[in-house]
Every structure is written in structure tokens, then in C-alpha cells.
There are 2 protein chains.
Amino acid sequence: MARLPVYLRSLSELHDDKIATVSSERLAEMAGVNAAKVRKDLSYLGSYGTRGVGYDVEYLSFQMSRELGLTHDWPVVIVGAGNLGQALANYGGFRQRGFPVAALVDASREKVGGYIHGVPVHHMDDLPALAADLGFAIGIIATPASAAQEVADALAAAGVRSILNFAPAVITVPEGTSLRKVDLALELQVLSFYQEHQDADEA
Amino acid sequence: MARLPVYLRSLSELHDDKIATVSSERLAEMAGVNAAKVRKDLSYLGSYGTRGVGYDVEYLSFQMSRELGLTHDWPVVIVGAGNLGQALANYGGFRQRGFPVAALVDASREKVGGYIHGVPVHHMDDLPALAADLGFAIGIIATPASAAQEVADALAAAGVRSILNFAPAVITVPEGTSLRKVDLALELQVLSFYQEHQDADEA
DNA sequence: GGTTGTGAACAAATTCACAGCG
DNA sequence: CGCTGTGAATTTGTTCACAACC
């Protein structure tokens, strides 16, 4: 159900515009999908719509936030205080959407001790203590590919059950741990594939 | 075929390890997928394997790079010189994998003129001229959500046919333009959903 | 014997289309 | 009459299993 957050974002826009109810058709348009898909997806949450009318924006938002577990903040830890890690620590979108960056962690002693964009930098070895202390449930891997698996193991060992991996490497996690990945360069490679095929079609 | 880049990365690792041939089984393990899927995917490129032996790492890499359009660099332009845009400009992974950042572009005159991490910062209005000059085919949107559609339109107007959108907004592009999106906070929201459901299962 | 390439079986996701309800 | 909720139909994607080949 990776589309729920997109619906939620659309609902939030509607709410800002003081719109009280919305049809599946309108919501589909905003989310860039098919109306039937919206109804199927929402029906999975329960029967929150009213036939002939649509969905109550506020009520649906609430139910959806509850289902997504967004009724409270989820502090996150970022492992890797390099370029990407620092950038992510400074990215306002995380805090704004309920994922404050509680700590940065790095394997290099040189980077440890200070603050980056207001976020304290700790050593990898302190991960278990930090997890207990700050109670983060989500870890973000922003290290080079070579360190990714090791970091994933350390996060899992520290009790972190959700991992978002930015390193360009395939990693495995224990049963019961959720894993998602974002490979920035991979996205560009997919685009270059389409470019190449556009060009071929034109020739 | 969003899996091809993953295979390519695995092939590159094998090449570094001086391994000349690889079976679909081994490649599947490295890429974290099923062996039959690897064979299906690769057969789409052509019959490059040898029965009883496997695939020639170097030859397959070459064919795959060609198919993906990675035989030459694709310069990219990043629109939005805020936190995220600057971070992406500084992210080594792009250049390293053949996507040099040719320019940063912003709507604010204050940011225009200098260099950020060695990348020149230009004004939005210069986009068409820059496109003609630097020949970028890929644009990265790293603006706030409110500006995303406008930027997409400007990129399309400047002849950019591939867009990677980091703004948390649904945007539309003209027919013939490729669009991919990365929503960082959305990934965390999906993870929080799984967290919530893990917890529920344990209770 | 080992491994590919692929048709056939299966599973998942999407879309259609309409009954049922407000 | 309009719009939801959902079974049925369709499409898409995955996996199996094995003949063909080295």
C-alpha cells in the first residue's frame, strides 16, 4: 500500500483549501491514478465513504494517518555523516512529516562529537545505547555501498526494525525487519534507458 | 526494466573481482531476486548466455550498458538550489555513474551567479539557453512541492525529455517525456506503516 | 552435467462495470 | 441521480519446469 501516503498528501492539500468532501474521481486525479484504484485502496481501510457524496476529507485523513502509524513522530537515525547523510539530516521534509532526525552516526572518530545542522554526531559503537535512549525505530543508511551490509546488521542488532537504504548495494535484513531502498543513480539510469528508446523510436 | 541497473552493478562487482562468467543463479543471488527472473530479463536483451556455462560478465555488461544508454555521459541539470539541490549537486554518485551535474538552476536571483560544489548556479530564465549550451537531457526537480509543476513545464519547454522529481507533489509532463519520482518522506511513511503492523501482530 | 531460454501455470495488480445505497 | 464498494474480467508480472544446447 505504497499509495496511501500519496492520497494522504492530496487530502492534506484539500484540507488546506477548506474542501470538506472529495470523490474518488477527484482524488484519483490529484494522486495521478485511476478512480477504481482509489476506491479499492480506500475500501481496504474500511467503508469510510458515503455513496452519492464521496469521502469526508478530515475523517479520511484521520483514519489514514492512524493506519499509516502517523499519529505520532518516529525519530530516525542516519548512519553515515558524509555528503548524503549530512544533506538528509538537513532536509526539512523529514521533520515536517513526522520523522525528526534524532542522531547522526558515523564510523569515523573524527566526525564524532559535534553537531551537524543541529543533529548530534555519534560513533557507530554507541548505536545500541542511542537506540535505547532516543527510541528510534527507523534507520537510514547513507554510507558507501561497501559498508551498507555491515551497517544494516548493526542497526538490526540495535533493535531497529525498519531500514531505508540509500547505498547502491543489495542488502539483506533479518526476518521481521522492513527494508526499502532509494538508489538515486539508478533512477537516472532508468531515465537514460527511456531516452535511448525515445531516440530509437524517432529514428 | 528497472532491474537492469541492479544487474549491471552486480556485473561490475564481478568484473572487479576478475570473475569472467556468471550463472543466472549467482547473479540472482547478488541482485536479490529469483533466477528465473534474471533469465527472463536478460533474454529480453537478446541471447547473450551460453548453456551449461552462464553469461560472459564483460560482454553482458557491454550489451546492458548499450541497452541502458550508458555508453556515454548524460549531463543533468538540477532545478532548486536549496538544501536538497545542493546536496544532490555534491553527491558523488551521479558523476561516478555517468551523470555529471552540468548546472544548478534557481528562481531566486540571490543564489544565481556563483558556484556550489563547483557547479555554476544560473537563473531559471536561462534554462533554454543552458539546455542548448550544455545539452542536458535529464532534469532533476529539487524545489518545494508548490513549484514542481511549473518547473516541470519549464524543463519540458526547454527540451528536457527526462525528469526526476524529488518534490513531494504529483506532476504531469507532456507525452513523450519520461518521469520518475523519489519521495524521501514517503518512503519513511511506508516504513512506519509496516512498523505499526509489526507491533499489531506482536500484541 | 550444467545452464540457458521460454512456454505454460500461477499470482498479483489493475481496471471494468454495475448493484446497492444515500 | 451520483458515487461508493466490490465481484468479475483483464492485464501484468512472477515462478515453475523442462526441452534445447554447450
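Order of the sequence lines fixes the chain letters, A, B, ..., with proteins taken first and strands second; residue numbering starts at 1 for each chain.
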Decide yes or no, distance alone: a donor-acceptor N/O pair under 3.5 angstrom between the base of C/dT6 and the side-chain of B/Lys40.
-> no
Rounded to the nearest angstrom, tell me the gap between atom NZ in A/Lys37 and atom P in C/dT15.
-> 4 Å
Where do A/Ser24 and A/Arg39 land on the side-chain hydrogen bond (donor to acceptor under 3.5 Å, both in side chains) test, with the steps shown first?
-> CA-CA 6 Å; A/Ser24 59; A/Arg39 292 200 296 277; 3.0 Å; yes
Side chain to side chain, B/Leu11 and B/Met64, heavy atoms closer than 4.5 Å | yes
Is there side-chain contact between A/Leu184 and A/Leu84, with heavy atoms separated by less than 4.5 Å?
-> yes
On DNA chain C, more 5' by nearest nucleotide between A/Arg39 and A/Arg3 is A/Arg3
Taking B/Ser65 for its side chain and B/Ser61 for its backbone only, find out whether a donor-acceptor pair lies under 3.5 Å.
-> yes
Check the pair A/Asp125, A/Arg109 against salt bridge (Lys or Arg N to Asp or Glu O under 4.0 Å), reporting the backbone distance first and the verdict last.
-> CA-CA 10 Å; A/Asp125 295 347; A/Arg109 293 274 174 205; 3.2 Å; yes
Neighbours of DNA chain D within residues 41-51 of chain B, by heavy-atom distance under 4.0 Å | B/Thr50, B/Arg51
Proximity to DNA chain D (any heavy atom under 4.0 Å), residues of residues 5-35 of chain B only | B/Asn34
Verdict with reasoning, A/Leu70 to B/Gln189, per side-chain contact (heavy atoms from CB on, under 4.5 Å) | CA-CA 7 Å; A/Leu70 300 177; B/Gln189 291 182 333; 3.8 Å; yes
Centroid-centroid under 6.0 Å between B/Tyr55 and B/Tyr48 rings = no
Within 6.0 angstrom of A/Glu67 CD, more than 12 heavy atoms from elsewhere | yes
Reported CG-to-CD1 distance for the pair B/Leu179 and B/Ile141, which is rounded to 0.5 angstrom = 7.5 Å
Aromatic plane relationship, B/Tyr91 with B/Phe94 - under 30° parallel, 30 to 60° tilted, over 60° perpendicular | perpendicular
With sequence neighbours excluded, residues passing side chain to side chain contact (heavy atoms under 4.5 Å, CB included) with B/Pro144 | B/Ser146
Quick test: give all pairs of protein nitrogen or oxygen and nucleotides 9-12 of chain C nitrogen or oxygen below 3.5 Å, distance rounded to 0.1 Å.
none

Stepwise, does the side-chain hydrogen bond (donor to acceptor under 3.5 Å, both in side chains) test hold for B/Gln86 with B/Asn90?
-> CA-CA 6 Å; B/Gln86 293 189 30; B/Asn90 194 35; over 6 Å; no
A/Arg9: salt bridge (charged side-chain N to carboxylate O under 4.0 Å, His left out) partners, not counting sequence neighbours = B/Asp183
Within residues 54-66 of chain A, residues whose heavy atoms come under 4.0 Å of DNA chain C = none
